[in-house]
Amino acid sequence: MTTSAPFAGFQPQVDPNRELLRGPEGRPIKVLVVDDEQTLAELLALALRYEGWEVRTAGDGAAAVTAARELRPDLVVLDVMLPDMDGLEVLRRLRNEFERTPVLFLTAKDAVEDRIAGLTAGGDDYVTKPFSIEELVLRLRALLRRSHVALTSDSSLLTVGDLSLDEDSREVHRGGTLIPLTATEFELLRFLMRNAKRVLSKAQILDRVWNYDFGGQANIVELYISYLRKKIDAGRPPMIHTMRGFGYVLKPAT
């Protein structure tokens, strides 16, 4: 089966007024494209690189799992029909290690039951071939925003759920309520928000927030996490969570 015809003569175009999406810490968004049709995979990679994203491709399920472990992607574009295993099985394997990474299924199947199977298996969106690459890119951008993976490079505002932090004014709001923070609390919250949904170890937090190793005083992280919780989570559904044995994670309240 070939799907190259719908993309003949395709030249990626980026709207100069479009926001440039960046990943945590301001790095490029990392995308894994999994499709056994090499021409299509290369076209998708070309279009996504024009977005300023880092892209890696894989042509089968086994290669996809290996590539995901190496790349640790922010987003996966996954074909359902692969030569060694179907995309649903690939997704199941990925979800063991990348529980929150958004996945968009890409397939020639358009039956309702196929869509339901993909979404039930844990997919976040579903696009059928043939498709417009420009439209697909827009779907991926929307998926990144919905999952709170992406930041806009030209904005000083970080937003996770109903929590917002303005890096310029240094104001923090939750649910529209202003929350006063000390300088250290602000830097800790900014680091957590820039890495929303990612588990951060005490060592990582010490290195990035305090800029040096406290040695035996790693409990300083616990202390400031408790300060933040009292201000951010008090009387509200919690956003800051302890992952015992691993560290801390900030994510939208459920």
Side-chain angles (χ1 to χ4, degrees), residues 21-32 53-54 56 64-76 78 90-104 121-124 143-151 158-165 167 172 174 179 181 184-234 236-254:
L21 298 184
R22 308 291 288 182
E25 296 288 285
R27 61 163 173 73
I29 296 290
K30 296 188 290 186
V31 185
L32 174 61
W53 301 350
E54 178 183 348
R56 183 162 174 176
V65 174
T66 298
R69 289 171 178 163
E70 295 173 354
L71 181 65
R72 304 198 68 81
D74 299 302
L75 179 67
V76 177
L78 177 59
V90 175
L91 177 59
R92 281 189 284 270
R93 297 189 185 190
L94 293 180
R95 281 288 181 249
N96 290 331
E97 299 181 49
F98 306 97
E99 180 181 357
R100 303 181 182 91
T101 302
V103 173
L104 181 143
D124 299 279
L143 187 55
L144 286 167
R145 285 198 179 92
R146 289 202 309 271
S147 60
H148 304 286
V149 169
L151 307 173
L158 304 180
T159 303
V160 179
D162 64 348
L163 179 66
S164 64
L165 179 151
E167 295 180 298
V172 173
R174 181 159 185 199
I179 301 174
L181 298 179
T184 302
E185 290 167 350
F186 182 89
E187 292 304 323
L188 174 56
L189 181 62
R190 173 158 59 180
F191 184 52
L192 292 172
M193 292 182 70
R194 281 189 172 275
N195 291 276
K197 295 187 177 183
R198 293 176 182 268
V199 178
L200 302 171
S201 68
K202 291 181 182 178
Q204 287 176 305
I205 294 172
L206 280 172
D207 181 62
R208 302 306 287 269
V209 177
W210 280 269
N211 297 315
Y212 63 93
D213 186 2
F214 268 74
Q217 300 185 42
N219 61 341
I220 192 73
V221 176
E222 298 176 12
L223 181 63
Y224 272 86
I225 287 288
S226 70
Y227 291 161
L228 272 186
R229 280 178 167 146
K230 290 176 182 177
K231 295 183 177 183
I232 301 298
D233 288 344
R236 306 179 179 94
M239 296 184 68
I240 302 172
H241 302 270
T242 300
M243 307 298 288
R244 296 197 180 280
F246 296 97
Y248 301 96
V249 61
L250 182 144
K251 56 186 178 181
T254 56

R72, CZ atom: more than 12 neighbouring heavy atoms under 6.0 Å: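 Count not over threshold, so no.
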Separation of [Y] [atom2] from [X] [atom1] (nearest 0.5 Å):
X    : Y    : atom1 : atom2 : answer
L192 : I232 : CG    : CD1   : 9.5 Å
E70  : K30  : CD    : NZ    : 11.5 Å
I240 : L228 : CD1   : CG    : 4.5 Å
F246 : K202 : CZ    : NZ    : 13.5 Å
L250 : N195 : CG    : CG    : 10.0 Å
S164 : R174 : OG    : CZ    : 11.0 Å

Report yes if the side chains of [X] and [Y] come closer than 4.5 Å at any heavy-atom pair, otherwise no.
X    : Y    : result
V31  : P73  : no
L32  : L78  : no
Y224 : E185 : yes
Y248 : V199 : no
V249 : L200 : no
K197 : P252 : yes
R190 : V209 : no
L188 : Y227 : no

Candidate list T184, L158, L181, test side-chain contact (heavy atoms from CB on, under 4.5 Å), partner L189, passing option: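 Only match with L189 under side-chain contact (heavy atoms from CB on, under 4.5 Å): L181.
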Test applied, side-chain contact (heavy atoms from CB on, under 4.5 Å); reference residue, D124; option that passes from L75, V103, L104, V76: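 Only match with D124 under side-chain contact (heavy atoms from CB on, under 4.5 Å): V103.
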Side-chain donor/acceptor of D233 to backbone N/O of M239, under 3.5 Å: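 Yes, because the side chain of D233 sits within donor-acceptor range (under 3.5 Å) of the backbone of M239.
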Expected output: side-chain Q204 to main-chain S201 donor-acceptor under 3.5 Å: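 Judged by distance alone, yes, a pair lies under 3.5 Å.
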Can you name the nearest heavy-atom pair linking [X] to [Y], along with the distance?
X    : Y    : value
A196 : V160 : CB-CG2, 3.7 Å
V65  : L94  : CA-CD2, 4.2 Å
M193 : L165 : SD-CB, 3.7 Å
F98  : A68  : CZ-O, 3.2 Å

Stepwise salt bridge (Lys or Arg N to Asp or Glu O under 4.0 Å) check, D74 with R198: CA-CA 11 Å; D74 299 302; R198 293 176 182 268; 2.5 Å; yes
